[in-house]
Amino acid sequence: MRQGTERYLDGFARILADAAATGRRLTRQELESRRTLGERAAEAGHGLRALVGAHLTAARTVWPADHGCADGALAALHQAVDAFAEGYERAQRLAVRQEEAARREFIDDLLYGRSNLGRLAERAERFGLRLSRAHAVAVAEGPTPYAEGEPVPRRVEQALLTRFGNRDVLLTTKDGRLLCIAPGHEQDVLPYFAKYAHDATGGGRVAIGRPQPGPGGVVQSYEEALNALEMAERLGLDDPVLHAEDLLVYPVLARDRQAMADLVRNTLGPLTAARGGAQPLLDTLTAYFDSGCVATEAARRLSLSVRALTYRLARIRQLTGADPNDPAHRYRLQTATIGARLLDWPAKEL
């Protein structure tokens, strides 16, 4: 019998021998004693396979010589091992729930900065993170919310483990989104997560924050990724993967809302006088600037002829007094166009 498992077979041989001799079933008390021992074995970290093997070895020492008693012994063995495994699994489920609760509490404290940073760094090591290093966070959102343990998060986590093994990477969920926290120097992890999460969520969008140092760096990178997702929604960006560093100009522009509203009102306000309102001409400016001021590409994006696009640009110049093709005017028009998208104008009053 494997050393260290004997204590979890306490009374087993006696119960089995008595049940085999009498043909009786195990009593409720006997079954509960097996479940209790199963729980204790699980809590002590013993493997179930070795424990079942120990039961079978012990059973051979008291197995009845009378073949007529073999059926009773086999039934009792089945009951005893089944009850033991039930207790073992019960303890395992409880341990998993406790681990999930601890993990969720840690994630909440980590992302909301609600814990002492020194204590947080100590707890992080339990989940494979070393917060003394720089970390970056990627956030993926799909058509439906996701929770830990569901098929999509499990599939993404398994893909990461298969590709990278244990590289201090933590995958979790928060507010229905998938989160991947990785060391800043592991530059291949988050792009791979982004690609796989985009596919696994059926074309969901992923934002990647910049690597930030220290225990508070995870929060900063996480907030950058969330802001990138929000900014992409407001601007109507269709990129499947967003990098926060590429979008830093937009928070800067949005920081002074009143100044931005004044710029939009003074620069683009005259477009409301156009037939059909300002929106078609604002869409024209958006497509024109997004295509690098290439008329043929902007026309293709708007499903217009180049001639129709040229007419619209001329109408914009006529109403606003600013020429999209004039470098002196272009920056003001483009900034005002971005501001209009950030402020949801003209749908909302400024």
Side-chain angles (χ1 to χ4, degrees), residues 104 106-113 127 129 131 133-148 150 152-160 163-164 167-255 257 260 286 289-290 338-339 341-344:
R104 177 50 53 196
F106 166 72
I107 292 297
D108 289 344
D109 289 347
L110 178 65
L111 297 180
Y112 290 119
F127 301 99
L129 295 181
L131 296 185
R133 300 175 176 175
H135 285 80
V137 181
V139 180
E141 60 181 8
T144 59
Y146 304 104
E148 289 196 52
E150 292 184 348
V152 169
R154 285 205 313 268
R155 192 157 65 247
V156 175
E157 184 172 33
Q158 187 57 50
L160 286 171
R163 176 71 180 270
F164 301 107
R167 291 200 194 173
D168 298 338
V169 176
L170 178 62
L171 183 75
T172 185
T173 60
K174 184 66 180 172
D175 298 330
R177 302 182 182 95
L178 301 180
L179 270 68
C180 184
I181 305 171
H185 66 277
E186 295 283 0
Q187 298 182 4
D188 51 346
V189 173
L190 294 185
Y192 182 82
F193 164 80
K195 180 181 182 302
Y196 202 90
H198 172 71
D199 294 337
T201 57
R205 176 176 284 165
V206 185
I208 301 176
R210 294 177 298 166
Q212 302 286 358
V218 173
V219 180
Q220 296 176 38
S221 186
Y222 171 62
E223 290 178 347
E224 283 187 351
L226 287 183
N227 290 337
L229 288 174
E230 180 186 359
M231 202 63 64
E233 182 68 24
R234 291 165 66 182
L235 293 173
L237 304 180
D238 55 7
D239 307 63
V241 179
L242 306 163
H243 292 269
E245 61 188 359
D246 296 335
L247 302 176
L248 291 177
V249 65
Y250 299 116
V252 172
L253 293 175
R255 193 163 295 156
R257 181 183 176 87
M260 180 58 72
T286 298
F289 291 132
D290 286 351
I338 294 172
R341 294 158 74 183
L342 290 172
L343 299 176
D344 197 20

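The two atoms that bring His135 and Ser221 nearest to each other are O-CB, 4.0 Å, heavy atoms only. Heavy-atom minimum distance, Pro153 versus Leu171: O-CD2, 3.6 Å. The heavy-atom pair separating Phe193 from Ala140 by the smallest distance is CZ-CB, 4.1 Å. The nearest pair of heavy atoms linking Met260 to Leu343 is CG-CD1, 3.9 Å. Val152 and Ala200 get closest at one heavy-atom pair: CG2-O, 3.8 Å. The minimum heavy-atom distance linking Ala197 with Val156 is given by the pair CA-CG2, 4.3 Å.
Remark: Arg234 CZ to Ile338 CD1 distance equals 12.5 Å, nearest 0.5 Å. In this structure, the separation between CZ on Arg155 and CG on Leu160 is 12.5 Å, given to the nearest 0.5 Å. Remark: Tyr146 OH to Leu178 CG distance equals 6.5 Å, nearest 0.5 Å. A distance of 7.5 Å separates CD of Glu233 from CD of Glu141, quoted to the nearest 0.5 Å. Atom-to-atom distance recorded for Thr286:OG1 and Arg341:CZ is 4.5 Å, nearest 0.5 angstrom. Interatomic distance, CG of Leu235 versus CG of Asp290, reported as 9.0 Å (0.5 Å rounding).
Taking the side-chain contact (heavy atoms from CB on, under 4.5 Å) definition, one finds that Leu226 meets it with Val139, Arg177, Tyr222, sequence neighbours left out. Annotation: ring-ring contact (aromatic ring centres under 6.0 Å, His included) contacts of Tyr196 (sequence neighbours excluded): none.
In this structure, the side chains of Val206 and Leu190 stay at 4.5 Å or more apart for every pair of heavy atoms. Considering only heavy atoms from C-beta on, Leu179 comes within 4.5 Å of Leu111 through its side chain. Side-chain contact between Met231 and Leu342 is present, with at least one heavy-atom pair separated by less than 4.5 Å.
Counting only N and O atoms by type, the side chains of Thr172 and Glu148 include a donor and acceptor under 3.5 Å apart.
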As a quick check of understanding, evaluate side chain to side chain contact (heavy atoms under 4.5 Å, CB included) for Leu237 and Leu247, giving each step before the final call. CA-CA 11 Å; Leu237 304 180; Leu247 302 176; 4.0 Å; yes
Verdict with reasoning, Glu224 to Arg210, per salt bridge (Lys or Arg N to Asp or Glu O under 4.0 Å): CA-CA 7 Å; Glu224 283 187 351; Arg210 294 177 298 166; 2.5 Å; yes
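Within the 3.5 Å criterion, the main-chain N or O of Pro183 finds no donor-acceptor partner in the side chain of Glu186.
Surrounding CD of Gln187 are at most 12 heavy atoms belonging to other residues, nucleotides or ligands under 6.0 Å away. Glu150 CD: more than 12 foreign heavy atoms inside a 6.0 Å radius.
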